[in-house]
Participant: 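The following block contains the structure, expressed as structure tokens.
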Amino acid sequence: MDNSTALDRLSEKVSQILQEYHTLKSESEVMRNEIMTLKANCELKNQEIEKLTEENSMKDLEIEEIVNKIESILG
């Protein structure tokens with residue numbers, strides 16, 4: 001009878017471990033998906049920042065050209 005009780009406790013512990021394993025596996029998958037989404041969003045933001053930086057550089061060049069033209073007109 002003692003062996004049966006030990007076997008029952010062992011079986012219960014194994015079931016608990018398996019349940020926890022499946023819970024953690026599901027949580028891991030959710031986190032993995034969230035990380036992938038965040039990485040994709042980060043990449044889009046980085047691309048937008050790069051685009052805006054390039055546009056800003058072009059605007060700086062335009063301003064410099066305008067200043068040079070004004071200086072050449074004023075002498």
Participant: Is it the case that over 12 heavy atoms from other parts of the model lie below 6.0 angstrom from the CD atom of Glu34?
Facilitator: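 No, because the 6.0 Å sphere around CD of Glu34 holds 12 heavy atoms or fewer from other groups.
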Participant: When rounded to the nearest 0.5 angstrom, what is the spacing between OG1 in Thr53 and CD in Glu50?
Facilitator: 7.5 Å
Participant: So which residues get pulled into Met58's cluster when ILVMFWY side chains under 4.5 Å apart are joined, directly or through others?
Facilitator: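 Besides Met58, the cluster holds Leu61.
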Participant: Is any side-chain heavy atom of Glu12 less than 4.5 Å from a side-chain heavy atom of Arg9?
Facilitator: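 SC-SC contact between Glu12 and Arg9 ruled out.
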Participant: With respect to Ile70, which candidate in Ile66, Val67, Asn68, Ile73 satisfies the side-chain contact (heavy atoms from CB on, under 4.5 Å) definition?
Facilitator: Ile66
Participant: How far apart are the C-alpha atoms of Lys45 and Glu48, what are their side-chain angles, what is the distance that settles it, and do they pass the side-chain contact (heavy atoms from CB on, under 4.5 Å) test?
Facilitator: CA-CA 5 Å; Lys45 287 179 183 177; Glu48 183 66 18; 5.5 Å; no
Participant: Report the C-alpha separation of Val30 and Glu27 in whole Å, then their side-chain angles, then the decisive distance to 0.1 Å, and conclude whether the side-chain contact (heavy atoms from CB on, under 4.5 Å) test is met.
Facilitator: CA-CA 5 Å; Val30 168; Glu27 289 175 6; 5.6 Å; no
Participant: When rounded to the nearest 0.5 angstrom, what is the spacing between CG in Asn56 and CD1 in Ile63?
Facilitator: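 So the CG of Asn56 and the CD1 of Ile63 are separated by 8.0 Å.
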Participant: Who pairs with Glu20 by side chain to side chain donor-acceptor pair (under 3.5 Å), at least two apart in sequence or on another chain?
Facilitator: none
Participant: As an exercise, state the distance from CD1 of Ile49 to CG of Leu44, rounded to the nearest 0.5 Å.
Facilitator: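 It is 11.0 Å, given to the nearest 0.5 Å.
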Participant: Would you call Arg32 and Glu29 a salt bridge, taking side-chain N to carboxylate O under 4.0 Å as the test?
Facilitator: yes
Participant: What is the distance from atom CG of Leu52 to atom OG of Ser57, rounded to the nearest 0.5 Å?
Facilitator: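 Here the rounded value is 11.0 Å.
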Participant: With distance as the sole test, does Ser11 use its side chain to make a donor-acceptor pair with the main-chain N or O of Leu7 at under 3.5 Å?
Facilitator: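 Judged by distance alone, no pair lies under 3.5 Å.
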Participant: Measure the OG1-CG distance between Thr5 and Leu10 for me, rounded to the nearest 0.5 Å.
Facilitator: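 With rounding to 0.5 Å, OG1 (Thr5) is 12.5 Å from CG (Leu10).
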Participant: Nearest 0.5 Å, please: how far is CD in Gln16 from CD in Gln19?
Facilitator: 7.5 Å
Participant: Not counting sequence neighbours, which residues clear side chain to side chain donor-acceptor pair (under 3.5 Å) with Gln47? List them please.
Facilitator: Glu43
